[in-house]
Amino acid sequence: MTDAEHSPIRCQAVNDILARVGDKWSMQVVMSLSAGPMRFNELRRAIDGISQRMLTRTLRALERDGLVDREVTPSVPPRVDYSLTMLGRSLREPVAALGVWAMENRSHIDSARARFDAEE
């Protein structure tokens with residue numbers, strides 16, 4: 001990587017995106033929506049432990065970032081469906097790969113943490 005590719009501006013842009021991808025709930029929402037569109041309460045039931053408020057905030061952030069689409073169907077009550085955009089769908093593969101890596105290396109990381117903590 002050259003100095004131009006590793007500039008503070010580029011690093012900040014990457015950090016900003018990784019903060020979204022790496023937060024506690026965003027990738028669970030993305031992976032839940034991988035199967036297809038879902039309504040709010042379906043998502044809430046699919047993601048163990050997420051509160052209504054946090055799901056709302058997460059969906060709004062993902063929509064703002066262009067990863068999730070919100071479609072309102074006029075009815076009584078209004079029907080709201082959430083789905084992945086093309087950009088959101090493109091995120092599934094790297095997220096799944098990172099998940100596989102994490103599961104394959106969890107024991108190594110746990111061992112390293114234990115050694116580090118024992119030295120403290």
Side-chain angles (χ1 to χ4, degrees):
M1 183 178 283
T2 67
D3 287 342
E5 292 172 326
H6 189 67
S7 70
I9 292 171
R10 283 179 168 241
C11 286
Q12 182 56 46
V14 170
N15 288 343
D16 183 47
I17 292 167
L18 289 179
R20 169 72 56 234
V21 173
D23 79 33
K24 183 174 182 175
W25 302 112
S26 291
M27 289 310 94
Q28 290 186 55
V29 170
V30 167
M31 296 313 281
S32 293
L33 290 174
S34 290
M38 296 176 82
R39 296 178 75 177
F40 184 90
N41 284 326
E42 289 176 301
L43 270 171
R44 190 165 169 213
R45 285 189 298 274
I47 302 170
D48 189 41
I50 195 167
S51 68
Q52 181 173 336
R53 181 176 184 265
M54 187 51 66
L55 180 55
T56 299
R57 290 178 65 187
T58 301
L59 285 166
R60 288 181 59 81
L62 291 170
E63 186 179 5
R64 180 176 182 254
D65 289 346
L67 300 171
V68 167
D69 185 41
R70 180 179 183 268
E71 184 178 341
V72 179
T73 303
S75 62
V76 178
R79 179 185 172 104
V80 180
D81 290 287
Y82 295 91
S83 60
L84 294 177
T85 63
M86 187 179 299
L87 183 62
R89 288 190 301 273
S90 75
L91 187 56
R92 293 179 301 190
E93 187 176 332
V95 167
L98 186 56
V100 168
W101 180 90
M103 295 309 295
E104 287 174 350
N105 291 286
R106 182 178 179 120
S107 63
H108 299 293
I109 292 169
D110 288 344
S111 295
R113 287 176 177 171
R115 282 192 307 276
F116 182 89
D117 292 346
E119 294 172 5
E120 295 253 306

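Atom set for the values below is all heavy atoms of this structure, side chains included, hydrogens, waters and symmetry mates excluded.
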**D65: partners by salt bridge (charged side-chain N to carboxylate O under 4.0 Å, His left out), with sequence neighbours left out** = R20

**Complete:** What one should report as the nearest heavy-atom pair of R44 and S51 is NE-C, 4.2 Å

**By salt bridge (charged side-chain N to carboxylate O under 4.0 Å, His left out) - contacts of D81 (at least two apart)** = R79

**Asked** So, S90 side chain and L87 main chain: donor-acceptor pair closer than 3.5 Å or not?
**Response** yes

**Request:** State, with a plain yes or no, whether a side-chain heavy atom of F40 is found less than 4.5 Å away from one of L59.
**Result:** yes

**Side chain to side chain, M27 and L98, heavy atoms closer than 4.5 Å** = no

**Message:** Does any part of the side chain of V68, heavy atoms only, come nearer than 4.5 Å to the side chain of L84, both counted from C-beta?
**Reply:** yes

**Asked** Between atom CH2 of W25 and atom CD1 of I50, what is the distance when rounded to the nearest 0.5 Å?
**Response** 5.0 Å

**Prompt:** Nearest 0.5 Å, what's the CG-CZ distance between L55 and R53?
**Reply:** 12.5 Å

**Message:** Assigning hydrophobic clusters by single linkage (Ile, Leu, Val, Met, Phe, Trp, Tyr; side-chain heavy-atom cutoff under 4.5 Å), is V72 placed with Y82?
**Reply:** yes

**Fill in**
Separation between NZ (K24) and CD1 (I47), nearest 0.5 Å, reads 12.0 Å

**Asked** Ignoring hydrogens and geometry, is there a side-chain-to-backbone donor-acceptor pair from S32 to L43 under 3.5 Å?
**Response** no

**Prompt:** Does any non-hydrogen side-chain atom of V95 lie less than 4.5 Å from one of M31?
**Reply:** yes

**Prompt:** Do any N or O atoms from the side chain of S26 and from the backbone of G22 form a donor-acceptor pair under 3.5 angstrom?
**Reply:** no

**Request:** Could you go through the salt bridge (Lys or Arg N to Asp or Glu O under 4.0 Å) check for R106 and D110 one step at a time?
**Result:** CA-CA 6 Å; R106 182 178 179 120; D110 288 344; 3.7 Å; yes

**Message:** Any non-hydrogen side-chain atom of R60 less than 4.5 Å from a side-chain atom of R57?
**Reply:** no

**Fill in**
Interatomic distance, CD@Q28 vs CG@L33, rounded to 0.5 Å, equals 12.0 Å

**Item:** Other residues, nucleotides, ligands: >12 heavy atoms within 6.0 Å of D48 CG
**Value:** no

